[in-house]
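Everything quoted here is computed from the prediction, not taken from an experiment. Computed from heavy atoms alone, side chains included, the values below leave out hydrogens, waters and symmetry copies. In what follows, chains are A, B, ... by sequence order, proteins preceding strands, each numbered from 1.
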Amino acid sequence: MEVMLKNIVREGETLVSGSKINSIGLEDAIKKVADGIGWKEKRAKKAPNRGLGFACGSQISGLRMGGHFASSAVVKIGEDGTVNLIHGGTELGQGCDTVFAQMAAEVLGVRFEDIHVEMEDSHDTVLDSGMFGDRCTVWSGQAVIAAAEDAKKKLARVAAEVLDAKEEDLVFRDRKIYVRDKPDTQIPFVRVVRQVMYGLGESIYGHGSWGFPGAEVADFTKGHAEHFTPSFSFVAQAVELELDPETGKVRLLNSVAADDCGQPLNPLLVEGQMDGGSAHMIGQALHEISLYNDKGQALSSSLRDYKIPRAVDVPKLTNYHIEVHDPVGPFGAKGAGETCTTAIMAAIRNAIEDAAGVRITNPPFTPEKVLKALKEKKEGKQ
Amino acid sequence: MKYPYLRRLPGFEYLAPETIDEAVLLLSRHGKEAKPIAGGTDILLKMKRREVVPRYLVGLKNIPGLDSIDYDDARGLRFGPLVTIDAMETSPIVRENYPILSQAASTIGSAQIRNLGTVIGNVCNALPSADMIPSLIVLGATVRITGKKGERHIPVGDFFTGPGKTILAHDELVVEIQVPCLPPHSGGAYIKHAPREAMDLAIISVATCLTLANGVCKEVRICLGTAGPIPIRARKAEEILRNKPLSAALVVKASEAAAEEAQPRSTVRGSAEYRKEMVRTLTERALSRAKEEID
């Protein structure tokens, strides 16, 4: 742990690739996790066949890979003051529809439930390179904010006239528009919407597009990619496990993790990512493998033999969020999903080494593989 | 066939006899085109995969009395083909008199599968990895079979002829399993070794049943699951222990003998060498656990 704390990157540092770290909460994350799992006490009093493992991970928040890379969003405001949001981020269960509705509601000063997020499809949805590499919250999120700001500008112009104020002095909150420092000089949001539609005969659309400003395409020949990602998210995680030295079977007992995903815009969703990412990688670490015979036929072609963890195989998961305000991310947020998968496999591997003194590097760490390593150690091969 | 798991069930007719005689009659009338069904957790999957395509399924659910579990001190335990795995796991009679059966039942599949699947179905499906079979064998259980030609009683250990194969003729039904009373100072244990804690197939499983008299092994049975084409008795290992004082050294020796007797295959779930080694480890553990149960 001390070695890790000495070696982690710090805010403002530039990596060998040229990318910059503009926010990092990893030091706090490591300390929080060490406390949470009882690192010092348990290391001092080691129980037989028990192992503790610690690991950190990080992931970019999206990147420029060549080809189209920007995100976009469209906001349509209805005459009842509700908002339709179309984004290209792609909801695949991670919760971006929820977070983008929060963002649009925050910018326009309306309720969360006033935002209707349209279902994405490749025909009607705006251009966006999609959901991968922890880019969705940051890239598509910034596009959603830009789209909402665009619509807000049109409303502000009209509201400023009605309230006899400057556009930049207007505050959008609680479905009202009011003058800063003069909350009584106000008008309901929906009245301004109707003023635009009925009074001027115009429609209110906002369009937003975002690509990380100045992002370069990575130069793979030189391993250089200055500025290719807006931010890095981090995670620290520790696991405790029990290893049966006669069968090689590993049983996870406990996991404590702390993520730095910038400002968590929806802590429950980040926690879901952390739980899901951990369970997913427990499968990779202990069970999941695609096997083929010499004819190329898949041998683990069903979920009977491609073993994903069941609920009882996942230990108690404790998660902490380290709140860091990222200067680039939307409302200070960074990517969360993939980040949350990066540490636990290494933590499990380290815990196996701690429990039995064997260094295995080719997951899944099946009972047979672990037992083989234990034997090799006994025979002095390791 | 390319996507066996995505295919629907083939068409079939469901027949619902109300007595065993009627069921046997239907099975014999339709010959190999008919199959009996109880919980359906195995046969419906086989039908989806087109491994069997019966035109008639003879359902046992309308036959009264087949779901009962009875016990008396003279005849032991008797249960019918509609006794679910869950019923076997949770039955107070079983828990008190044959905890090994309850324990074995608890290792099968998920709660949903245990609610539907039956113990006799698990036996008749005859997989080398079936979790109920090794325990029934070490308890000396027999199957009562009814067919057109009458009834026969066969020890569970003699019931299997190969993976998925039994001595049962197509017009015969297993109508009951009988488990004799255990002598005093007896104990059993079933250990299943699988990578996951639930919903998994055994890499190796071992069942043991011991009867001790003043520390001497009066009777011992050891059965190995997934260690060969059918569940196999480790008779040489038993011989090492029989009528000898049960010492730790002897247990180690017997476990090594059991590993010698095992004839496992190498598959994606484990190599033959690893399985043999697990037979040794688990036999040792199952013998100590059976002894603990007596103590």
> Given a strict heavy-atom distance threshold of 4.5 Å, which part of A:Ser300 is in contact with chain B: side chain, backbone, both, or neither?
neither
> Using non-hydrogen atoms only, which part of A:Leu303 is less than 4.5 Å away from chain B: side chain, backbone, both, or neither?
backbone
> Which atoms of A:Lys375 come close to chain B, meaning under 4.5 Å heavy atom to heavy atom: side chain ones, backbone ones, both, or neither?
side chain
> May I ask you to check whether A:Tyr292 and A:Gln297 show a side-chain donor-acceptor distance below 3.5 Å?
no
> Do A:Asp259 and A:Tyr320 have side-chain N/O donor and acceptor atoms under 3.5 Å apart?
no
> Could you tell me the separation between the CG atom of A:Leu252 and the CD1 atom of A:Ile282, rounded to the nearest 0.5 Å?
5.0 Å
> Is B:Ser271 in contact with chain A via its backbone, its side chain, both, or neither, using a 4.5 Å heavy-atom distance?
both
> Of the options A:Lys316, A:Arg251, A:Lys42, A:Arg43, which is the one that meets A:Glu240 in a salt bridge (Lys or Arg N to Asp or Glu O under 4.0 Å)?
A:Lys42
> Under a 4.5 Å heavy-atom cut-off, does chain A meet the side chain of B:Arg285, its backbone, both or neither?
side chain
> Using a 4.5 angstrom heavy-atom cutoff, name the option from A:Asp305, A:Thr247, A:Thr366 with the most pairs to chain B.
A:Thr247
> Have A:His287 and A:Asp313 got a donor and an acceptor in their side chains that come within less than 3.5 Å?
no
> At a heavy-atom separation under 4.5 Å, does B:Glu277 approach chain A through its side chain, its backbone, both, or neither?
side chain
> With salt bridge (charged side-chain N to carboxylate O under 4.0 Å, His left out) as the rule and sequence neighbours excluded, what pairs involving residues 103-119 of chain B come up?
B:Glu89-B:Arg114
> Relative to chain B, which segment of A:Asn293 carries a heavy atom at a distance below 4.5 Å: side chain, backbone, both, or neither?
neither
